[in-house]
Amino acid sequence: MKTVDLTERRRWPALIAALLLALPVAAQSVREPKLPIAWNRFYDYDGIVRLCTQLATAHPESCTLSYIGPSEERRPMPLLTISRDVRSADLDSRSAMWVDGNVHGNEVQGGEAAVYLAWYLLERDGELEAITELIDERVFYILPMVNPDGRQWWFEGANTPNSSRSGKRPTDNDGDGEFDEDGADDLDGDGDIVNMRKRVEPGTGSYRLHPDDSRILQRVPQDKLVEWGADYVLLGQEGFDNDGDGRVNEDGPGGYDMNRNWPAGWMPRHIQFGAGDFPFSYPETAAIGRFIAAKPHIAAVQSFHNAGGMILRGPGADTRTSYFPRADRSTYDAIAAEGERQLPFYRSMVIYDDLYTVHGGFVDWTAETLGIISFTNELWNSSQLFSEGAGGVDVWDDDVTHTEKQHAFDDLVMFGDTWVPWHEVEHPDYGTVEVGGFRKMTGRTPPHFMIEEMLHRNAAFCLYHASEMPKLEVVSVDVEPAAGGARYVTVEIRNTRWIPTRTAVAAEKGIGPPDVAVLAGAGVTVVAGGAGADRFDLRDFDAVEHEPARLQLDRGIPGHGSERLRWIVRGQGEFTVTLTTQKAGTITATGTL
Amino acid sequence: MLPRLDFGLGALLPATLFTLALAALPVVAQDDAAPDVPDLANDEILPALAELVRGHPGLASLLPLGPTVGGHDVNALLLTARPQARAPMRGWLVVGGLDGRRPSDATVVLRLAEALLEDEQALAEVLGDGTLVLVPRANPDGAAALLGGNGPIHEQVGNGRPDDRDRDARIDEDAPADLDGDGLVTWMRVPDAAGEWVIDEHDPRAMRKAVRAEGERGTHRLLVESLDADGDGELGEDGRDGVHLDRNFPHLFEEQQAISGAYPLSEPESMNLARLMLHAPGLIGVLVIGPQDSFASLPKEEKNPRRSGFRNSFSAPFEGMLADDLGPLKELQRRFTETFEDSGDKHEVKAEALPGGSFVAWAYHQGGCWPLSVKPWAAPEKFPKKEKENEKGDDAEAAEAGATDPDVAGDEDDTSSASDDHAENAAAAAASDDEDDQDDEDDEDDEDGEEGDEEGDEEGDDEGDDEGDDDEGDDDEGDDDEGDDDEGDDDESDEGDEGDDDDAAADDDAAEDEAKDEDKPTSDKASPVPAAVLAWLDQEHEGAGIVPWAAFEHPDLGPVEIGGLAPGTLFNTPGSVAAEFGTRLAPFVLELLAVMPAVTFEDVEVEDAGGGIFRVSAALVNTGVLPTHTSFGATTGLQRAIRVRLQLSDGAALLNGPTQVLVDRLEGSGGRREMRWVVSATPGDRLTLSADADTVADVELDVEL
């Protein structure tokens with residue numbers, strides 16, 4: 001496969017095209033994986049820890065495994081660090097990317113996506129130039145399980161596709177002073193929580209069986225209840241009134257949302273459901289907060305969720321638009337646009353505007369409080385089941401419902417694997433009821449044979465994002481005579497990637513330090529200095545009033561842009577210009593007077 | 001509502017331990033006749049608390065809250081008559097010294113504790129099974145700066161956490177400094193036609209803003225005593241203030257402000273207070289000793305809070321209080337005024353507006369608690385009256401003076417006569433009725449102006465946001481504006497206005513109005529060296545606290561004068577005032593305990609309907625004065641509802657009626673909820689009614705059928 005130089009932005013379309021063309025070849029190639037891992041399945045907590053351990057063991061020079069946390073239920077949270085000579089002390093001088101997944105316990109594929117990214121990086125290091133360069137120059141901090149307790153409970157407990165979103169700190173959701181006392185109950189003990197329905201006297205229910213498919217209930221219009229003989233009622237998800245308060249399943253395990261627990265526009269739980277008592281009030285979020293706050297060289301963030309096929313950026317609320325200045329929006333748009341090409345069925349969206357309002361979300365915090373370009377991907381779009389709208393033959397009439405398509409897929413492709421047929425069980429409060437429905441591994445997660453494609457395409461988006469972290473180069477160092485025996489020193493430094501060394505939000509909100517350029521030399525005296533130097537007119541630069549040798553660049557070096565710094569100096573000998581940035585390390589230029 | 005008490009309540013230390021360990025340690029000064037009461041050093045707080053514990057082992061114990069950023073310990077005194085101090089705490093929390101510039105808050109709290117414990121019997125009675133937690137000094141690191149434990153004596157509002165206040169990639173590199181070696185960080189006045197300050201023509205020690213609108217040009221810059229240590233042209237712009245704990249709480253937390261902290265509850269001191277509240281949901285209210293005062297000015301009513309569909313709660317945070325909660329607050333205000341006046345002068349201070357991120361606002365808006373605050377003293381904004389003038393019997397004048405200085409208001413002669421000789425520059429001699437009238441108007445204007453401004457700001461913000469949403473092009477403009485605002489704030493603090501939360505524009509107006517008649521002395525309350533405070537120090541404190549201006553050759557600025565006021569003078573309650581205030585606060589705190597809600601079952605009736613069927617009815621009634629919950633706490637679920645349950649003995653069965661009722665709120669003084677059940681039972685069977693909650697004690701009632 002042809003390797004592509006990632007330094008050239010315009011070559012990306014070519015790279016993507018190459019990847020798309022080459023993928024089937026790669027997948028069918030005879031290349032023996034260094035570390036074979038089955039990517040057509042999901043792994044529970046222990047399984048993910050095992051994969052992380054295998055990766056760190058197999059690649060000790062470029063991958064370390066550490067643990068943060070532990071979680072509420074005391075599970076250590078594995079964190080992979082990947083970079084060349086990963087144990088060297090200067091990791092902080094390389095731009096870093098944070099990748100995590102599975103903050104919502106049921107959104108499991110975020111965990112596999114994070115591990116896949118690590119695996120692919122390490123697997124193809126030394127084989128593919130683009131990958132090798134990323135490991136050479138960047139650092140990846142990869143946390144597959146933000147919410148290991150919710151993940152594990154989703155696997156081992158009886159759940160639905162949507163339950164076990166929360167962590168496992170016992171929480172009083174119904175205000176009765178009891179904690180987690182009335183969750184769903186697996187009435188038939190089959191490991192799935194599905195729906196309960198009950199047959200009643202015709203005309204007294206609100207549903208009837210679908211005339212063509214008795215697995216499906218049809219809601220009957222109010223004025224047709226008697227005429228159509230509505231003879232079914234829906235009784236919610238499997239469960240009964242455990243605490244005798246007259247309500248069913250109203251206070252299950254946990255009952256909060258760790259993606260609302262971050263200190264950016266954080267709102268208390270009466271305004272934002274699930275927010276917790278205060279930002280970082282859960283051990284998982286607190287551990288991540290401590291880790292990320294101590295790594296200011298993180299310049300890119302990716303968080304994996306499910307589902308819907310989205311590449312999401314902030315703001316999370318309409319009150320926070322000022323945190324996304326025009327310059328940053330351009331950066332987001334540039335990266336997300338490539339993402340939409342890498343990820344068919346995914347759309348680039350703004351959280352508050354295109355999805356819903358989120359106060360105190362994780363990427364709100366990293367983008368707004370820390371000034372990091374941050375995305376949340378919602379992995380998997382159920383339109384992918386039949387490749388709807390993607391050039392295939394449209395086999396569906398307009399009035400076919402989502403449920404009907406789900407049944408068709410289960411029948412035609414999964415052979416009944418994902419459906420629990422309605423069957424009778426005895427209910428302590430309702431008498432004989434029927435339970436049935438789709439199992440938890442449907443809807444929000446792809447079928448097993450589509451997992452690997454999801455993982456790879458999302459990893460590709462991460463790798464592109466990582467490659468667009470700032471990368472600096474010295475364009476020129478010029479010394480030219482000035483009147484009176486002084487000299488002009490002009491240094492131009494370029495950023496060859498999309499993400500600036502300091503985002504516009506960081507500059508405008510005063511997040512983190514500015515970049516600082518210092519001219520120093522043993523025999524050199526700095527008379528004046530400033531940025532914004534004109535290419536032709538040596539006298540034209542924004543001279544600072546104080547400390548001319550030390551220039552603060554509040555807006556850093558822009559994406560795919562450069563900064564021309566100029567000093568008036570006296571003396572002679574060698575000089576060094578050192579630009580120190582938080583996000584892109586330090587770069588030096590030298591010259592002689 | 002957290003399930004486990006993993007907070008350090010288990011660390012409640014038995015009183016006996018301290019009796020043994022600390023028997024020899026000094027006691028708080030008790031001599032009220034002393035001319036002043038020195039502020040307690042940080043290492044004197046624990047011994048003072050331990051002494052109280054030792055003296056009152058049946059009621060008092062120590063509650064350590066944890067270490068600070070600077071390594072000090074914050075400790076609380078726990079007062080309860082219950083044998084098990086670790087049982088759920090139900091009562092009030094009193095907190096002093098969140099602001100580092102207010103070390104004498106600790107004197108207020110300790111004198112309060114002493115006064116409460118003076119009559120153990122009375123305290124135990126009113127406590128019942130309730131609890132009072134007293135935190136004398138929440139920010140010892142900040143206090144240390146004023147108490148000399150942390151370099152030269154300087155004002156440090158926060159906890160000293162290192163930060164890059166001026167965002168220049170250097171941390172705490174240019175702190176205010178003691179240049180003249182007098183041990184104090186005061187002020188520098190620098191002759192500079194570009195400055196905006198002038199020397200007060202009536203008192204050359206005082207500085208006031210030039211009234212530019214009237215053609216007056218400034219003659220001086222006024223800067224905190226400092227160098228340009230980092231050579232960036234700014235002086236003393238990146239010091240060791242750290243995080244202001246009373247800006248670090250989550251309600252309306254101001255992000256991206258270094259003084260607020262990196263995120264809400266980023267500081268151990270604020271976090272430990274929050275944890276205490278969250279783990280003890282029975283603490284129904286807080287009383288903060290600080291610069292705010294809920295009695296001097298009741299919080300505003302929130303007339304139209306934005307509701308959300310979710311549980312009929314709210315969709316956005318707001319500043320004011322719900323109308324239903326202002327009623328009880330007014331009653332507490334009435335009781336405060338009554339108890340305070342019983343022991344002397346009225347309490348009249350001008351308090352600061354509630355800032356974003358404050359503890360007291362958080363306690364209400366995210367804890368559902370009663371948010372009380374009281375400011376023991378405010379630096380005088382008006383000139384003190386000379387004794388002979390007061391004797392003229394000018395009531396209006398006396399009342400006016402009382403508004404700023406309680407000592408002068410009622411028994412004016414007692415406290416003010418001794419220092420008359422020193423009132424050399426107290427230009428109050430020239431005061432007249434006219435000026436008083438004018439001052440009154442000024443005050444009203446100020447208040448109106450402030451409220452108007454706040455509302456205006458809010459509306460402006462909303463509009464700005466909306467516009468930004470609708471039109472992307474407008475975003476950047478809004479951003480720029482915000483950036484400008486931030487810079488403006490920084491400039492202001494550089495000029496020494498920090499801590500003065502009054503609206504700057506209103507202050508300027510007042511200064512301008514007052515300056516109209518050049519023959520009359522005025523005092524610029526925005527000044528760090530205001531004429532009225534100098535006059536008051538002359539008269540009341542023999543000039544103590546005034547640092548005479550002295551020439552100094554500044555390495556960056558050339559000839560300047562250093563002087564003004566000793567650090568803390570404008571913020572810290574004078575020791576004797578603090579001590580007296582603490583003592584006088586005790587009757588009110590007893591009232592707080594006495595008015596707590598309590599529930600009981602009343603009107604329990606069992607009617608035999610025949611055939612083994614009984615109709616049972618009962619009412620749950622609040623016998624306390626305060627409601628069982630704040631309206632806000634009930635609406636939001638921040639305070640757990642009272643759970644009423646009916647249990648039947650074996651063989652009996654419930655035929656109708658609820659097995660569980662959640663009562664979210666009962667009004668005070670007889671608020672009730674009636675309940676009915678129909679039960680099948682045999683005569684002699686028993687049923688049990690129980691009610692459990694956080695904000696009131698559990699009750700249980702057995703009924704025989």
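Everything quoted here is computed from the prediction, not taken from an experiment. Naming convention: chains lettered A, B, ... in sequence-line order (proteins, then strands); numbering from 1 in each chain.
- Here the shortest heavy-atom pairing between A/D176 and B/Q660 reads CB-NE2, 3.8 Å.
- Across A/V516 and B/A169, no two heavy atoms sit closer than the pair CG2-CB, 4.0 Å.
- Rounding to the nearest 0.5 Å places CD of B/Q256 at 4.5 Å from CD1 of A/I511.
- Residue B/D230 touches chain A through its backbone alone, counting heavy-atom pairs closer than 4.5 Å.
- Remark: B/L638 CG to A/R269 CZ distance equals 6.5 Å, nearest 0.5 Å.
- Comment: A/E547 engages B/R170 in a salt bridge, judged by a side-chain N to carboxylate O separation of less than 4.0 angstrom.
- A heavy-atom distance below 4.5 Å is not found between the side chains of A/P279 and B/L265.
- For the atom pair CG (B/D228) and NE2 (A/H546), the distance works out to 7.0 Å, reported to the nearest 0.5 Å.
- Heavy-atom distances place no part of B/H251 under 4.5 Å from chain A, backbone and side chain included.
- Sorted by first and then second residue, the pairs that involve residues 358-372 of chain A and meet side chain to side chain donor-acceptor pair (under 3.5 Å), not counting sequence neighbours, are A/R320-A/E368, A/T366-A/S374.
- Atom CG of A/D245 is separated from atom CG of B/L662 by 8.0 Å, given to the nearest 0.5 angstrom.
- Under 4.0 Å is where a charged nitrogen must lie from a carboxylate oxygen, and between A/E178 and B/R643 at least one such pair does.
- Aromatic ring centres of A/H270 and B/F632: separated by under 6.0 Å.
- Contact annotation for B/A262: only backbone heavy atoms (N, CA, C, O) come within less than 4.5 Å of a heavy atom of chain A.
- Here the straight-line distance linking atom OG of B/S308 with atom CD1 of A/I271 works out to 8.0 Å at 0.5 Å rounding.
- Of all non-hydrogen atoms in A/R550 and B/D168, the two that sit nearest each other are NH2-O, 2.7 Å.
- Of all the listed residues (A/S281, A/A504, A/P263, A/A293), the one sharing the greatest number of non-hydrogen pairs under 4.5 Å with chain B is A/P263.
- The CH2 atom of A/W262 sits 11.0 Å away from the OH atom of B/Y263 when rounded to the nearest 0.5 Å.
- A donor-acceptor distance shorter than 3.5 angstrom exists from the side chain of B/R167 to the backbone of A/G510, with no hydrogens or angles considered.
- Neither the backbone nor the side chain of B/A693 comes within contact range of chain A; no heavy atoms are under 4.5 Å apart.
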Stepwise side-chain contact (heavy atoms from CB on, under 4.5 Å) test for B/E255 and A/W266: CA-CA 10 Å; B/E255 295 179 40; A/W266 181 89; over 6 Å; no
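- For A/E284, there are no side chain to side chain donor-acceptor pair (under 3.5 Å) partners at least two apart in sequence or on another chain.
- When each of B/R645, B/Q366, B/H365 is scored by its heavy-atom pairs under 4.5 Å with chain A, the top score falls to B/Q366.
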